[in-house]
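For the single chain, residues carry numbers from 1 onward in sequence order. In each ligand, atom 1 is the first atom listed, and ligand 1 is the first ligand listed.
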Amino acid sequence: MKNELDYIAGRIEKYISDTKKITATPGQGVTRLPFTLESKRCVHYLEEKMKNMGLAVTEDASGAIIGILEGKSEQRIMIGSHYDSVEHGGAYDGMAGILCGLEIAAYYIRNQMIPPYTLEIAGLNDEEGDRFGGGYLSSKAFLGKWTTNDLKYYIDKHGISYYDAMILYGYAPEHLMRAERPRKGWKGYLEIHVEQGPIMESQGIEIGIVETIVAIQRYYITIVGKADHAGTQPMDTRSDAVMAAMDVITNMRKYVLKHKGMVGTVGEIHVYPNEINIVPEKITFSIDVRSADQEWLDECVHQISEDIKKKEMKGFTCEMKPTLTNTVTAMKEEWVKGLEKSADRLGFSNMRINSGAGHDAAIIGKEVDTAMLFVPSVGGRSHIPEEYSDERDLAKAVLTAIDFIDHIDEERKSE
Ligand code: HGY
Ligand code: MN
Ligand code: MN
């Protein structure tokens with residue numbers, strides 16, 4: 001198995017070095033936003049790789065690129081992740097899972113084996129939501145969750161909606177509503193992903209088997225006050241949008257810190273007119289709050305909306321625009337057990353782990369049997385140019401997934 005592992009690791013390393021070059025910010029990490037030149041180049045790269053392997057290739061209305069390897073059964077197991085990235089992100093987040101999926105198919109082809117189920121190796125589009133704020137474009141499309149209004153609701157920082165961006169990119173946005181996949185033909189979804197946190201590395205674990213994916217709520221909050229001269233306007237007659245936002249953000253932080261395991265982030269801030277000697281008139285900032293406890297999450301969001309109301313009482317004009325609401329997603333227990341057995345069979349140390357990051361699996365797993373495998377993130381960090389995982393760990397996840405697929409129905413019989 002060692003040769004196979006090294007061979008797969010070497011191939012993944014090569015493909016990561018290829019794909020990390022597909023970025024809008026060379027030298028400053030991976031930036032591959034949806035419906036841009038970088039996403040088109042990435043789709044072409046994956047499409048060519050899939051065709052060279054002899055897979056049947058389709059591209060769906062969301063921009064998902066899917067390579068199909070016929071199996072003994074026409075029921076399909078999708079193995080995928082996202083090819084989009086955050087801005088100035090890393091080379092492994094999302095992409096590693098697609099490349100591992102390609103290596104799973106390549107293993108069956110190389111060893112002249114037919115997988116028990118038809119495998120769909122999928123590169124999914126806009127999981128992150130960094131351009132338009134929403135995210136999970138392909139995974140939500142698979143479940144038929146989009147409407148035309150949604151596509152016009154999400155706007156990027158240049159005022160371009162999903163709808164318009166898709167047209168500019170040469171897509172027909174109305175077709176997205178037809179990208180829904182029939183559930184019956186879908187055996188399940190398996191996603192390999194880097195952990196993006198410090199847990200596995202700190203415990204020296206090779207394979208993580210995800211049990212649940214965190215609940216997330218995201219908003220863009222806009223507060224409008226009054227611009228004034230920074231020197232002459234007395235403090236008690238100002239309507240300073242930034243000072244108002246600070247109250248809301250400070251209270252959010254206080255709430256989150258009191259609730260173990262909860263996280264809250266204000267990652268994006270836009271101020272107008274954004275000048276050193278003008279009292280800020282307007283601020284728009286993002287809120288991303290996450291918890292495994294739905295009650296805490298709802299309570300924290302309620303507190304934020306109450307704080308916004310207090311600002312309105314003081315004369316500010318406010319908007320709290322929801323962009324993402326996802327409850328906790330539990331992975332398929334039968335698959336979790338099966339993956340544990342596979343990792344044990346192959347002698348890889350493994351642990352069950354909950355994901356603090358969102359994934360396409362969090363959406364698909366609501367309606368389809370779904371599981372995720374994690375590999376350690378070196379230094380426990382992600383969403384940075386320095387993001388790194390050992391390709392040998394990715395190869396271990398590939399071999400674990402293959403063993404799981406080969407034994408998948410034995411799990412059911414043993415239940
Ligand atoms: O935000 C996340 O957790 C993921 O990277 N989309
Ligand atoms: Mn990410
Ligand atoms: Mn990801």
Side-chain angles (χ1 to χ4, degrees), residues 16 19-20 23 25 29-34 38-39 42 64 79-101 122-140 154 189-200 208 210 212-220 256 261-268 286-292 297 322-329 331 353-365 370-377 380-389 394 397:
I16 287 281
T19 50
K20 72 192 292 184
T23 171
T25 53
V30 173
T31 301
R32 269 196 303 261
L33 298 182
E38 291 70 40
S39 49
C42 201
I79 306 168
S81 194
H82 56 97
Y83 60 78
D84 66 293
S85 75
V86 295
E87 295 189 58
H88 306 295
Y92 295 80
D93 179 6
M95 183 53 72
I98 304 168
L99 298 174
C100 286
L124 306 182
N125 191 15
D126 195 23
E127 181 271 342
E128 299 284 2
D130 273 43
R131 178 178 173 186
F132 299 98
Y136 305 107
L137 185 74
S138 291
S139 36
K140 282 185 172 176
Y154 290 99
Y189 175 71
L190 182 59
E191 183 166 0
I192 294 171
H193 204 287
V194 292
E195 180 206 339
Q196 300 183 291
I199 296 169
M200 291 175 68
V210 176
T212 64
I213 301 174
V214 73
I216 306 179
Q217 289 196 28
R218 283 184 185 156
Y219 296 84
Y220 276 121
V256 166
M262 200 167 180
V263 289
T265 311
V266 175
E268 190 180 339
S286 63
I287 290 269
D288 174 312
V289 280
R290 307 184 191 200
S291 172
L297 192 54
T323 55
L324 176 67
T325 299
N326 205 33
T327 54
V328 171
T329 305
M331 299 293 95
I353 186 168
N354 292 317
S355 177
H359 299 287
D360 288 305
I363 303 295
I364 298 173
T370 293
M372 286 194 81
L373 285 176
F374 275 178
V375 299
S377 289
R381 300 183 67 207
S382 178
H383 283 185
I384 56 171
E386 300 77 14
E387 177 184 279
Y388 174 68
S389 284
L394 289 166

### Query
Does Arg32 offer a backbone N or O that forms a donor-acceptor pair with the side chain of Ser85 under 3.5 Å?
yes
#### Entry: Under 2.8 Å: N/O/S of Asp360 next to the Mn ion (ligand 3)
no
### Message
Which of the numbered atoms in ligand 1 are under 4.0 angstrom from any heavy atom belonging to Glu127?
### Response
4 (C), 6 (N)
### Query
Hey, which N, O or S atom on Asp93 ends up closest to the Mn ion (ligand 3)?
OD1
## Note on the structure
Under 4.0 Å from one or more heavy atoms of Arg218, ligand 1 contributes atoms 1 (O), 2 (C)
### Message
Side chains of Glu387 and Ser382: any donor to acceptor distance under 3.5 Å?
### Response
yes
### Task
With side-chain hydrogen bond (donor to acceptor under 3.5 Å, both in side chains) as the test, would you mind laying out the steps for His82 and Asp360 before giving the verdict?
CA-CA 8 Å; His82 56 97; Asp360 288 305; 5.5 Å; no
## Note on the structure
For Ala357, the atoms of ligand 1 under 4.0 Å from one of its heavy atoms are 3 (O)
### Query
Would you say Glu128 has an N, O or S atom lying under 2.8 Å from the Mn ion (ligand 2)?
yes
### Message
Strictly under 2.8 Å, is the Mn ion (ligand 2) approached by any N, O or S atom of His383?
### Response
yes
### Task
Indicate yes or no for a side-chain donor-acceptor contact from Arg218 to the backbone of Leu324 under 3.5 Å, with no hydrogens or angles considered.
no
## Note on the structure
Atoms of ligand 1 under 4.0 Å from any heavy atom of Glu128, numbered from 1 in the order shown, are 4 (C), 5 (O), 6 (N)
### Summary
Nearest heavy atom to atom 1 (O) of ligand 1, choosing from Arg290, His383, His82, His359, belongs to Arg290
### Query
Between the Mn ion (ligand 3) and His193, is there an N, O or S atom separated by less than 2.8 Å?
yes
### Task
Grab the two heavy atoms, one from Glu38 and one from Thr23, that are nearest each other, plus how far apart they are.
CG-C, 3.6 Å
